Structure formats: C-alpha cells, structure tokens
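Working notes, beginning with the structure itself.
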Amino acid sequence: MTGLIDEFRQGWHGISRPSLRFSIGFSIGCLTLSTAARWLLAMIRPDVYFTPYFPAVFFATALCGYRTGVATAVLGGGLGVALNFGDAPGNFFPRAVLLVIYTIVSGLTVWGVEHYRSVASGQREISKRLIREEEYRKLVVDELQHRLKNKLSTVHAVLHQVLQNHPQVWTSVDHRLRALAATDELITKVDGDGCDIKDLLLSELGPYGHVRFNLNGERLFLPAKLAVSLALVFHELATNAAKYGAFSSERGMLQVSWSTSDDRLNIAWDETEGPAISTVGKPGFGTKLLESALGAFDGKTEISFLKSGVHCTMQCRIPKA
C-alpha cells in the first residue's frame, strides 16, 4: 500500500514514471469511474458519449505519463462508441463528429499535460542541482573561512614572537590584526556578503562604552570589501581617539554620521570635549592608511584637528554587492 502511495505522489509531481502495474490499474479505475458517470448522465441525456472520459485522460496522463494517457483516450473512445446507454443506435453521424472532437481534445490534453510534466520535472532537477551546488559552495566557503582564521591566528602568534622585544610596534600591529579578525567574523555572520555600517561601528566602538558615542544614519548594508576597508579606517580613528582624542578624556564624546547620495557614501567623524591638540606629529602608518584605504572605491579621507576635537570626513562609492 505504501509503495502505491509513493508511486501516486511521484507520478503526480512528475518525478518519475510509475510502474506498469500501477499505470494499468489507475487507467482502468479512471475509465470505470468515467463510465459510471456516463451511465448516470445518460439518464438525463442519452447522447452523452465521450465527455465523461476527458477527466480520465487528463488524470491518467498527469499521473502515469503520455503512454497511459493515449491508451486511456483510445479505450475511452471505444467505450463511448460501444456503449449506448439508451441512445438510439442510428445516430451514427453525430457520434462520428463527437468522436473526432473527442480525439482532437484528448490529443491536446495528452500533449499539454505531458509538456507540463516535462517542464516541471526539469525545473525540479535544476532546483535540486542548485541546492546541491549551494550546499557545496557553503561547505567550501566555511572551510576557507576556517583556514583563514587559523592562518590569521598563526600570523598573530608569529608576529608576537618576533616583535616581543618591540612592544610599541607589536601594540600597533596587534590592534590592527584584531580589528581585521573582528570584521571578518562580523561579515561571516551574514554569509560573507557584507554587513550593516551600524553593526560595524558598534563592533569597533562598543568596547569604549555606548554612552561615549552617538551614531546617526539610516540602516545601510556595506558590501564585504568596502566593509573591511571601513573597518580599518574606523579602527584607526577609534585607536587615536582612545590615545589622544575624545575617548582619552572623561567628558569626551564622539558622533558618527553618515548619509548616501546616489551611489556615494558620506561619513562624518566628530570628536568633542577631548584634550587640546597643540602639535601634530609626522604622518605615520595610520595617516597613510586613512589616506589610501578608500582609494579603491573612488574615495578619500580628510582629517582636521580642531580645537573641539578631531573632525574627519570620508567619501566613497558604494559598489554593487
């Protein structure tokens, strides 16, 4: 019984052809029901010959394929001719015309249903293949992300060993490596496609306390490459704010605002109530990073050291994901 139910489901969805035994039994069942319906209709209209057999042709084709549909159509036509059910035997011409119409309609029904079965079956095969490919892609991406994380940890350990006698250099490198790792982890959570700019800022600024900064802007999704570049910029600015700017003062505050115009992103980084900056040292690696990080996105970064604090503006193009 379970096997017959499975064959019924498979035939209905066009996945595979049911067995010959099931096809014959199903066709006979459809013809029997159709003949019974014709007998009941003949009590009202004796000249009903072929109409009740159309559903039998349709369902036989839909569940068992075009061969069974054709066989059902032929048998239905034969039953329609052979069984009178009270009709006058001399109505040959009307019966011949209806037989021709029945043959044409049955042929179109078989062709249409079989075409649908083929298309549906093809679409299901394509869907299955796409699902398998997506599962394989996800497996490969997960494996690559795992290896990248391990390599980043290895690089971190090697550099720590090499630079243990140079604490200032190590501190600078360590913070940037950790920022990259945190950004990669954030992007990985959204399947490697990127992340929202607010989530990126919260990830970078959260350790300094949520009461120390305000974020103003609409939700904006950043593609992965732009998210990584901005993460480095935000990390550099946040590090400088912790050492020399707003986060190094008890009353210091930071406000980050962003807006978009067409495909351009504008970001403003404003620090207030920080210690006064009297002199600015020679440009270092951090300054060069700020100047070049957004170059790949037709962008630029401008930084000003005001009496109220650091003011930095960033502009760049938002690439299509």
Side-chain angles (χ1 to χ4, degrees), residues 142-189 192 195 199-213 222 224-254 256 267 269 271 273-297 299-306 309-312 314 316:
D142 290 343
E143 177 64 21
L144 289 175
Q145 289 173 345
H146 179 68
R147 293 187 181 185
L148 179 62
K149 187 174 182 180
N150 288 341
K151 286 187 177 181
L152 191 60
S153 299
T154 302
V155 170
H156 189 272
V158 171
L159 287 177
H160 182 250
Q161 182 68 26
V162 173
L163 299 176
Q164 59 181 348
N165 295 326
H166 304 277
Q168 292 183 345
V169 178
W170 164 245
T171 300
S172 177
V173 173
D174 177 46
H175 288 169
R176 292 185 175 96
L177 286 176
R178 292 183 185 277
L180 280 175
T183 304
D184 285 341
E185 185 176 356
L186 179 62
I187 293 174
T188 300
K189 291 180 179 179
C195 63
D199 295 333
L200 187 62
L201 284 164
L202 288 173
S203 175
E204 185 60 49
L205 301 176
Y208 300 102
H210 289 70
V211 297
R212 305 295 300 274
F213 61 86
L222 300 174
K225 292 182 180 179
L226 179 58
V228 171
S229 297
L230 284 176
L232 290 174
V233 173
F234 292 153
H235 175 76
E236 197 64 36
L237 290 171
T239 301
N240 289 336
K243 290 181 179 180
Y244 319 110
F247 291 158
S248 65
S249 171
E250 292 184 359
R251 300 177 57 187
M253 288 290 297
L254 166 67
V256 183
I267 305 173
W269 177 289
E271 298 180 27
E273 300 295 334
I277 301 175
S278 56
T279 59
V280 180
K282 295 181 179 181
F285 175 79
T287 303
K288 294 179 180 179
L289 187 148
L290 291 175
E291 293 175 349
S292 62
L294 300 179
F297 306 98
K300 61 180 180 179
T301 302
E302 297 179 353
I303 186 168
S304 304
F305 298 94
L306 308 178
V310 172
H311 173 75
C312 180
M314 292 157 268
C316 66

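Counting from 1, the numbers follow the sequence of the chain as shown. What you are looking at is a predicted structure, and each value in this text was computed from that prediction instead of being measured.
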Contacts of type side-chain contact (heavy atoms from CB on, under 4.5 Å), residue [X], not counting sequence neighbours:
X      : value
Val158 : Thr154, Val162
Ala246 : Glu271
Ser229 : Leu294, Phe297
Glu273 : Arg251

Can you see which heavy atom on Trp269 is nearest to which on Met314, and at what distance? CB-CE, 4.1 Å
Minimum heavy-atom distance Ala227-Cys195, with the two atoms named: CB-SG, 3.9 Å
Taking C-beta and beyond as the side chain, do Val310 and Asn240 meet within less than 4.5 Å on heavy atoms? no
Measure the spacing between [atom1] of [X] and [atom2] of [Y] and express it to the nearest 0.5 Å.
X      : Y      : atom1 : atom2 : value
Ser249 : Tyr244 : OG    : OH    : 16.0 Å
Thr301 : Glu236 : OG1   : CD    : 11.0 Å
Leu205 : Leu200 : CG    : CG    : 9.0 Å
Met253 : Phe213 : CE    : CZ    : 9.0 Å

Test your reading of the model: is there a side-chain donor-acceptor pair from Arg212 to the backbone of Leu254, 3.5 Å cut-off? no
Is there a donor-acceptor contact under 3.5 Å from the side chain of Ser203 to the main chain of Asp199? no
In chain order, what residues pass the ring pair (Phe, Tyr, Trp, His ring centres under 6.0 Å) check against Phe247, with sequence neighbours excluded? Tyr208
